[in-house]
Number of protein chains: 2
Amino acid sequence: MDEAAFLESYDPAAYERPSVAVDLILMSVVDGAPAVLLTRRDQHPFTGAWALPGGFVGIGESLDEAAHRILVEKARMSDAYVEQLYTFGAVDRDPRTRIISVAYFALLPADRFTAALKSAPELALAELTVPWPGETGGPVEACNGDGDPLQLAFDHGEMLSLAVRRLRGKLDYSGIAFALLPERFTLRALQDIYEAILDTKLNKPAFRRRMLDRGWLEATGERETGASFRPAELYRYRQAEGEQ
Amino acid sequence: MDEAAFLESYDPAAYERPSVAVDLILMSVVDGAPAVLLTRRDQHPFTGAWALPGGFVGIGESLDEAAHRILVEKARMSDAYVEQLYTFGAVDRDPRTRIISVAYFALLPADRFTAALKSAPELALAELTVPWPGETGGPVEACNGDGDPLQLAFDHGEMLSLAVRRLRGKLDYSGIAFALLPERFTLRALQDIYEAILDTKLNKPAFRRRMLDRGWLEATGERETGASFRPAELYRYRQAEGEQ
DNA sequence: CCAAAAGTGTTTTAGTTACACCCATGG
DNA sequence: CCATGGGTGTAACTAAAACACTTTTGG
């Protein structure tokens, strides 16, 4: 990035440039299963297939800003946990023209996730079926309410797979799970998130202790209401210092 | 990425596009310390500062191809372990013009690393001093042979920090360490790599057993030569199946 | 036989899992 | 008082760490 960049600053048309886009993987855990928001394509290419919401990166905005703008504009929500995932740069990933796409994933609690569906009618919820062990390979599939797999546009299936892998990988050592829960939550709800993402049953006492020993949880003293059995204590996530 | 992309395919000049570059973090462990290859900038901006080797992504090549091309062209080596790290997209990260940079890191055994220095005279080796616990924060510093920190151009310091964090994070569960060793190596050499990257002393018997129990190592039956004491057995890395 | 580092066996410790049980609530 | 899920204590197990030890080479 020396001479070439220097020259280009004086002659911006010297090289043909790819377009740069951001695609958003909006994830949540809904009814005990990982879910993602998709839009149905009504134009060429991949007409009728399902795609992640995305858009081009403006010349005056950073990648992170673009991701947040798309979160607001296309998905009608703000203030989600957003993290850069990977940049997809195959030459033919878009048949129309050269587009490099920076994939971001955003995590939301289920209530805000389903609420967004109402205000953004072009979005649809797709359930993710994750082959186990999805840690290493096997494509993730997005399914509609009947469990039928949806056809995904571009390389968006790859993006989904990578998002699920990353989510799994970070679940244990980061506070990422709390982005999928409301501000107050029960330990059972937290365990449900873990079980949905990892696709395993976890031992209740072991899970409780592990979580409480980490020191990330703060008891609110309040209890769940509306249950016909013993109400569970509500906890709050206390951000650890060295957490990104 | 619907209407906008569709329109743009017919009118490529409609939007001003950022340039896309790839920067390479060429790392190794030399003399028991993590090291990186840098070039000294002789032009504006950051004249005299040190930068990672990099270059623009051609319109007809993928990001991975660009990374490999730069590895060959700028660093005069091929066939390294290369992995995409992160994409840096701040608007002002390059004062000349808008450049988005996809950072890759490449890992090499020390012998090939130092050999490359001879054939590429514009490259210099910098030792990395990693604040512990570097897992969470604190910038990594690149130092010359005298231990004086080097001034880094652009956001390349951030790139280095992230590369070290990623290396540390993946060390334990992936075969990444073997990219830093020649084809045959002793368990002591492997432990040295771990200790250099993690910046800790490790217990020898525990380390041996952990490594051998993983099943990634294959004894060659050969032994080290030239030592004036008991020669160590040479091992080979046997790629695990689900390994990327 | 000595120094130096390779390599092994055994005990200790810590962290996780499994299981059994008690507790609190609505009906 | 019963069903249901919340919450806790204890034992069993497993994996890592610490330590002491034996082995093998060159000189």
Side-chain angles (χ1 to χ4, degrees), chain A residues 29 31-32 132-133 135 168-169 171-174 177 181-182 184-237 240, chain B residues 29 31-32 132-133 135 168-169 171-174 177 181-182 184-237 240:
Chain A
V29 171
D31 298 332
W132 181 253
E135 189 63 52
R168 282 194 172 162
L171 193 63
D172 265 327
Y173 70 89
S174 80
L181 289 166
R184 286 139 198 251
F185 51 86
T186 64
L187 282 171
R188 162 57 63 185
L190 181 60
Q191 186 172 345
D192 286 343
I193 295 286
Y194 270 69
E195 293 183 341
I197 291 174
L198 300 177
D199 195 28
T200 27
K201 286 286 159 204
L202 297 172
N203 184 271
K204 183 175 57 157
F207 182 80
R208 291 180 64 83
R209 262 188 286 268
R210 249 195 355 195
M211 290 301 138
L212 294 173
D213 288 352
R214 263 196 243 271
W216 292 353
L217 294 177
E218 196 175 56
T220 61
E222 294 167 67
R223 320 202 146 248
E224 210 175 15
T225 55
S228 75
F229 40 81
R230 175 173 174 178
E233 168 120 44
L234 290 170
Y235 289 84
R236 189 187 288 118
Y237 174 46
Chain B
V29 172
D31 299 331
W132 182 251
E135 188 63 53
R168 281 194 174 162
L171 193 63
D172 265 328
Y173 69 89
S174 79
L181 289 166
R184 288 140 198 247
F185 51 85
T186 63
L187 283 172
R188 161 60 60 184
L190 181 59
Q191 187 172 345
D192 286 343
I193 295 285
Y194 270 68
E195 294 183 341
I197 291 173
L198 300 177
D199 195 28
T200 28
K201 286 287 157 203
L202 297 171
N203 184 271
K204 183 175 60 157
F207 182 81
R208 291 180 66 82
R209 262 187 286 268
R210 246 191 2 192
M211 290 302 137
L212 294 173
D213 287 353
R214 264 197 241 273
W216 292 354
L217 293 177
E218 197 174 58
T220 62
E222 292 167 69
R223 320 206 144 244
E224 210 176 15
T225 55
S228 75
F229 41 81
R230 177 173 174 178
E233 170 121 43
L234 290 169
Y235 288 83
R236 191 187 287 119
Y237 175 48

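Quick caveat, the model's predicted, so the values are computed rather than measured. Numbers restart at 1 for each chain; the letters A, B, ... are given by sequence-line order, proteins then strands. All values below come from the heavy atoms of this structure, side chains included, with hydrogens, waters and symmetry mates left out.
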Inset, instruction - Calculate, to the nearest 0.5 Å, the distance between atoms CD and CZ belonging to A:Glu218 and A:Arg184 respectively. - result: 10.0 Å
Inset, instruction - Could you tell me the separation between the CG atom of B:Leu212 and the P atom of C:dG7, rounded to a whole number of Å? - result: 9 Å
Inset, instruction - Measure the distance from CD on A:Glu233 to C1' on C:dT25 and round it to the nearest whole Å. - result: 15 Å
For nucleotides 21-27 of chain D, which of its nitrogen or oxygen atoms have a protein nitrogen or oxygen under 3.5 Å away, and what is each distance?
residue : atom : partner  : partner atom : Å
D:dT23  : O2   : B:Arg230 : NH1          : 2.8
D:dG26  : O4'  : B:Ser228 : O            : 3.2

Inset, instruction - Please report, rounded to the nearest Å, how far the P atom of D:dA16 is from the CG atom of B:Leu198. - result: 15 Å
Inset, instruction - Give the minimum heavy-atom separation between B:Leu217 and B:Met211, together with the two atoms involved. - result: CD1-CB, 3.8 Å
Every protein N/O within reach of nucleotides 19-21 of chain C N/O, cut-off under 3.5 Å:
none

Legend entry - OG1-CZ distance between A:Thr220 and A:Arg236, expressed to the nearest 0.5 angstrom: 6.0 Å
Legend entry - Integer-rounded Å distance: C:dA5 P and B:Gln191 CD: 13 Å
Legend entry - By side chain to side chain contact (heavy atoms under 4.5 Å, CB included) - contacts of B:Pro205 (at least two apart): B:Asn203, B:Arg209
Inset, instruction - Return the value, rounded to whole Å, for the distance between atom OH of A:Tyr173 and atom P of C:dG15. - result: 21 Å
Inset, instruction - Begin from the C-alpha positions of A:Arg208 and A:Asp213 and carry the test side-chain contact (heavy atoms from CB on, under 4.5 Å) through to its verdict. - result: CA-CA 8 Å; A:Arg208 291 180 64 83; A:Asp213 288 352; over 6 Å; no
Inset, instruction - To the nearest Å, give me how far apart CG (B:Asp213) and C1' (D:dA17) are. - result: 14 Å
Sequence neighbours excluded and cut-off under 3.5 Å, please list the side-chain donor-acceptor pairs for residues 224-235 of chain B, or say none.
residue  : atom : partner  : partner atom : Å
B:Glu224 : OE1  : B:Ala232 : N            : 3.4
B:Glu233 : OE2  : B:Gly221 : N            : 2.9

With a 3.5 Å cut-off and sequence neighbours excluded, list the donor-acceptor pairs that the side chains of residues 188-198 of chain B form with protein atoms.
residue  : atom : partner  : partner atom : Å
B:Gln191 : NE2  : B:Glu195 : OE2          : 3.1
B:Gln191 : NE2  : B:Leu202 : O            : 2.9
B:Tyr194 : OH   : B:Leu171 : O            : 3.2
B:Glu195 : OE1  : B:Lys201 : NZ           : 3.4
B:Glu195 : OE2  : B:Leu202 : N            : 2.9

Inset, instruction - Output yes when at least one side-chain N/O atom of B:Arg208 is less than 4.0 Å from OP1 or OP2 of C:dT8, else no. - result: yes
Legend entry - Separation of C:dG7 C1' from B:Leu187 CG (nearest whole Å): 9 Å
Legend entry - Rounded distance (Å) that lies between atom P of D:dA17 and atom NZ of B:Lys201: 16 Å
Legend entry - Angle of first-five versus last-five pair axes in the helix from C:dC1-D:dG27 to C:dG27-D:dC1, to 10 degrees: 10°
Inset, instruction - Flag the pair A:Thr186 / A:Arg223 as yes when at least one side-chain heavy-atom distance between them is below 4.5 Å, and no otherwise. - result: no
Legend entry - Working for side-chain contact (heavy atoms from CB on, under 4.5 Å), residues A:Leu181 and A:Val29: CA-CA 9 Å; A:Leu181 289 166; A:Val29 171; over 6 Å; no
